[in-house]
Amino acid sequence: MDHITETCREIKDKLSAYLDGELETALCAEIEQHLRGCDNCRVMVDTLNKTITLYRNYGQDEVPPDAHTRLTRVLNLERLKMKIQQST
Amino acid sequence: MKPDQPRDEDLVRQAQAGDETAFTELVHRHERHVYTLALRMLREPADAEDVLQETFISALRGLKHFRGDATFATWLYRIAYNATLMKLRHPPAPASLDAAIENDENAMPRELTDWSHDPEAALMNKETRRVMDAAVAALPESMRSVFVLRDIDGLSTDETAAVLDISPEAVKVRLHRARLALREKLSSYFGAPRLTTKGAS
């Protein structure tokens, strides 16, 4: 297994920006060259990417049906209140 | 959103003109995002539902004043975030907790097992979901809000910055720290560590 170098540390700080496509092409190329020769950093970037993907695909919470029904009811009541206020 | 669906701005204009179905459609589009933000921040479904209702009541009442300087989503999530902050019963996470993660900045990851090639279907089950939820809940609030808005609700960096009233740079820094912390937690769960720090035997 590779040893962790100063380059590994520098790259770790840039991985989110790299995965979000926010880095310049030249810097991306440098990172990719390092990744080809460093198992640690490759695992790091792959598992970070997978972490982001899992949360993007499965992280959102559904509004429970009962809560949705109550929200609809509350908003209907609020509309009624607003209409009464406007007419007085 | 499908290409033939009206944009939020169009629905807002219709709702401002009194079209109730347009506002209902806006609720339908955004309720999951608002609920997710509130639930992830507050952890209690009942509190998240309160925020959901308060947010859309405020939006309904305030819609006539909405001028479109920000997107409707940004405006709405800002209302939701402020309602969430009002609801937080406990004080913000102690500085030491934030500092603990910040001090960990230079540390290299402890977990370097490669689980990235496992298919999602194999990774995802009830227990995994519980681990993922607990990992987010353990983040300091300042990172949690950024992570939920950016990576779960899918807002851009600029939108997240506008909702939270912080700089885009701060969003990027907090997001990166949050992701590293979550990766570490998920790696602990998905596989045993393989090695490695310099000099480790």
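Here is the naming used below: chain letters follow the sequence lines, and residue numbers restart at 1 for every chain. Everything numeric here is computed off the predicted structure, so don't read it as measured data.
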**Request:** Heavy-atom pairs under 4.5 Å with chain B are the metric here; pick the option from A:Arg79, A:Glu22, A:His68, A:Lys14 that has the most.
**Result:** A:Arg79
**Asked** Is the shortest heavy-atom distance from the side chain of A:Lys50 to the side chain of B:Arg183 under 4.5 Å?
**Response** no
**Asked** So which part of B:Thr24 gets closer than 4.5 Å to some heavy atom of chain A, the side chain, the backbone, both or neither?
**Response** both
**Request:** Select one option (side chain, backbone, both, neither) describing which atoms of A:Asn49 are under 4.5 Å from chain B's heavy atoms.
**Result:** neither
**Message:** Can you tell me which portion of B:Leu60 sits under 4.5 Å from chain A's heavy atoms? Options are side chain, backbone, both or neither.
**Reply:** both
**Prompt:** Got a donor-acceptor contact below 3.5 angstrom from the B:Thr36 side chain to the A:Gln60 backbone?
**Reply:** no
**Item:** Atom CD of B:Glu127: over 12 foreign heavy atoms under 6.0 Å
**Value:** yes
**Request:** Would you give the length of the straight line joining atom OG1 of A:Thr47 to atom CZ of B:Phe190, rounded to the nearest 0.5 angstrom?
**Result:** 11.0 Å
**Message:** So for B:Val136, is it side chain, backbone, both, or neither that comes closer than 4.5 Å to the heavy atoms of chain A?
**Reply:** both
**Top of A:Leu75, A:Thr72, A:Thr53 for chain B proximity - count of heavy-atom pairs under 4.5 angstrom** = A:Leu75
**Asked** How many angstroms lie between CG in A:Leu71 and CG in B:Leu52, if you round to the nearest 0.5 Å?
**Response** 4.5 Å
**Message:** Strictly distance-based, threshold 3.5 Å: is any side-chain N or O of B:His176 a donor or acceptor partner for the main-chain N or O of A:Lys12?
**Reply:** yes
**Item:** Atom group of A:Gln85 that falls short of 4.5 Å from chain B, counting heavy atoms
**Value:** side chain
**Prompt:** Which atom names give the shortest non-hydrogen contact between B:Met132 and A:Tyr55, and what distance separates them?
**Reply:** O-OH, 2.7 Å
**Prompt:** Given B:Asp153 and A:Arg56, is the salt bridge (Lys or Arg N to Asp or Glu O under 4.0 Å) satisfied, shown in steps?
**Reply:** CA-CA 8 Å; B:Asp153 273 340; A:Arg56 284 195 177 150; over 6 Å; no
**Fill in**
Counting heavy-atom pairs under 4.5 Å with chain B, the top scorer among A:Leu48, A:Asn57, A:Leu19 is A:Leu48
**Asked** Checking B:Glu49 against chain A: side chain, backbone, both or neither under 4.5 Å from a heavy atom?
**Response** side chain
**Asked** Would A:Asp20 and B:Arg150 pass as an ion pair if we require N to O under 4.0 Å?
**Response** yes
**Request:** Answer with side chain, backbone, both or neither: which region of B:Leu182 has an atom nearer than 4.5 Å to a non-hydrogen atom of chain A?
**Result:** both
**Item:** Closest-packed option against chain A by number of heavy-atom pairs under 4.5 Å, given B:Arg61, B:Lys172, B:His28
**Value:** B:Arg61
**Item:** Closest contact, heavy atoms only, B:Ile57 versus A:Val74
**Value:** CD1-CG1, 3.2 Å
**Gap separating the CG atom of B:Asp133 from the CG atom of A:Asp61, nearest 0.5 angstrom** = 6.5 Å
**Under 4.5 Å from any heavy atom of chain B - which part of A:Leu15** = both
**Item:** Non-hydrogen atoms of B:Arg40 and A:Gly59 that approach each other most closely
**Value:** NH2-O, 2.6 Å
**Request:** Please determine if A:Arg70 and B:Glu31 form a salt bridge, counting it only when a charged side-chain N lies under 4.0 Å from a carboxylate O.
**Result:** no
**Prompt:** B:Arg129 versus chain A, heavy atoms under 4.5 Å apart: side chain, backbone, both or neither?
**Reply:** side chain
